Amino acid sequence: MLKTKLQVHKNIYREQCLNYNKLLLDTKIAYYREKIKLVGKLSSPNKCAVLPSCDSSEQLAGSFVEFFKMKITKLLSKLEPVNCPELSVELRNSCQTMLKVFQAVTEIIVLQIIMSSSSATSVLVPLPTILTKKYIDRLLPATTAMVNASLGSGVMPDLFKKAVVTPILKKADGSHDDLENYRPVSNLNFFGKVIEKAVSIQIMSYLTENNLHIPTQSAYKKQHGVETALTRNV
């Protein structure tokens with residue numbers, strides 16, 4: 001290509017060199033990042049979860065279930081019913097389209113979702129997430145079909161709604177035998193989270209295209225958080 005001595009060919013060659021160097025650098029970073037994580041896991045002692053004393057694991061699990069259910073019931077009882085106002089005419093007219101159905105996603109989108117997700121693994125999934133990513137080229141067609149089946153039917157499989165709930169001590173110096181000092185952490189099925197992300201992408205795209213984002217909302221929004229809320233209100 002360089003033998004032609006044409007400027008356009010030189011530009012193409014230069015661009016390809018830059019792309020190659022960037023890809024090489026990204027690959028090196030990903031490789032050493034995984035090595036560092038592995039060394040960290042091997043060099044750190046396993047930390048056992050701190051739990052209240054009990055006669056049996058079944059009894060302890062039952063106590064936590066009843067305690068967390070009671071907390072949710074109390075929280076719901078304190079919430080007052082809210083009458084939502086009808087959608088204003090101005091807001092209705094501002095929406096050019098209605099989000100009535102979810103569109104099927106491509107394998108590229110599903111691949112991006114999976115590779116950008118955490119590699120944390122749930123015991124609900126026999127295949128570790130890190131292996132899912134490693135062999136994604138073989139699993140991608142079936143995974144994409146599964147995601148699109150859920151989007152097309154509007155149904156999240158019951159299997160993906162299940163979670164492994166782990167009680168975590170809020171403060172290290174808190175009493176281990178007081179259930180009030182624990183908070184529940186849910187570990188969901190990885191493929192359920194992939195479907196959830198696919199839905200989130202389409203909803204956020206719809207809100208952005210129709211200018212329906214609430215300016216004062218900072219929670220559950222990309223590049224928003226406590227800092228943006230404080231900046232706006234202080």
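Remember, predicted model here, so these are calculated numbers, not experimental data. Residues: numbered from 1 along the sequence shown.
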By side chain to side chain donor-acceptor pair (under 3.5 Å), which residues pair with Asn11, not counting sequence neighbours? Gln7, Arg14
Just to verify, what does Ser116 make a side chain to side chain donor-acceptor pair (under 3.5 Å) with, not counting sequence neighbours? none
Do Pro167 and Arg183 make a side-chain contact, defined as non-hydrogen atoms from C-beta onward lying under 4.5 Å apart? no
Spacing of CE belonging to Met70 relative to CG belonging to Leu179, to within rounding of 0.5 Å: 8.5 Å
Could you give the distance from CE (Met98) to OH (Tyr206), rounded to the nearest 0.5 Å? 5.0 Å
side-chain hydrogen bond (donor to acceptor under 3.5 Å, both in side chains) contacts touching residues 135-154 (sequence neighbours left out): none
Just to verify, what does Thr27 make a side-chain contact (heavy atoms from CB on, under 4.5 Å) with, not counting sequence neighbours? Leu23
Considering non-hydrogen atoms only, spot the tightest contact between Ile195 and Met156 and give its length. CG2-CE, 3.9 Å
Could you give the distance from OG (Ser205) to CG (Leu99), rounded to the nearest 0.5 Å? 9.0 Å
State which residues pass side chain to side chain donor-acceptor pair (under 3.5 Å) with Ser186; sequence neighbours excluded, sorted by chain then number. none
Side-chain contact, heavy-atom cut-off 4.5 Å: Ser122 with Leu188? no
Residues forming a side-chain contact (heavy atoms from CB on, under 4.5 Å) with Lys133, sequence neighbours excluded: Ile114, Met115, Ser119, Thr129
Distance col, row Ile168:CD1 vs Thr166:OG1, nearest 0.5 angstrom, shows 5.5 Å
How is the hydrophobic cluster of Leu24 composed, in terms of its other members, when Ile, Leu, Val, Met, Phe, Trp and Tyr link through side-chain heavy atoms under 4.5 Å apart, directly or indirectly? Tyr20
Name all residues meeting the side-chain contact (heavy atoms from CB on, under 4.5 Å) criterion together with Ser175; count only those two or more places apart in sequence or in a different chain, and write none if there are none. Asp177, Asp178, Asn181
Residue Ile130 excluded, over 12 heavy atoms near CD1 under 6.0 Å: no
Answer yes or no: are there more than 12 heavy-atom neighbours, outside Lys171 itself, under 6.0 Å from its atom NZ? no
Ser117: partners by side chain to side chain donor-acceptor pair (under 3.5 Å), with sequence neighbours left out: none
Thr208 and His213: side chain donor to acceptor below 3.5 Å: yes
For the residue pair Leu60 and Cys54, what are the closest heavy atoms and their distance? CB-SG, 3.7 Å
Identify the heavy atoms of Val147 and Val105 that sit nearest to each other, and give their distance. CG1-CG2, 3.9 Å
Value for CZ (Phe64) from CG (Leu51), rounded to nearest 0.5 Å, stands at 6.0 Å
Nearest non-hydrogen partners of Tyr182 and Lys170, listed with the distance: O-CE, 3.4 Å
Shortest non-hydrogen contact between Pro184 and Phe68, atoms and distance: CD-CE2, 3.5 Å
Could you see if Ile72 belongs to whatever hydrophobic cluster contains Leu79? Use Ile, Leu, Val, Met, Phe, Trp, Tyr and a side-chain cutoff under 4.5 Å. yes
Inter-residue atom distance Asn189.CG - Leu124.CG, 0.5 Å rounding: 6.0 Å
Show every salt bridge (Lys or Arg N to Asp or Glu O under 4.0 Å) that has at least one partner inside residues 185-211, sequence neighbours left out. none
Check ion pair Lys22-Asp26 (N to O, under 4.0 angstrom): yes
I need the full list of side-chain hydrogen bond (donor to acceptor under 3.5 Å, both in side chains) pairs touching residues 54-78, with sequence neighbours left out, sorted by first then second residue. none
Show which residues join Ile29 in its hydrophobic cluster (side-chain heavy-atom contacts under 4.5 Å, direct or indirect), or state none. Leu25
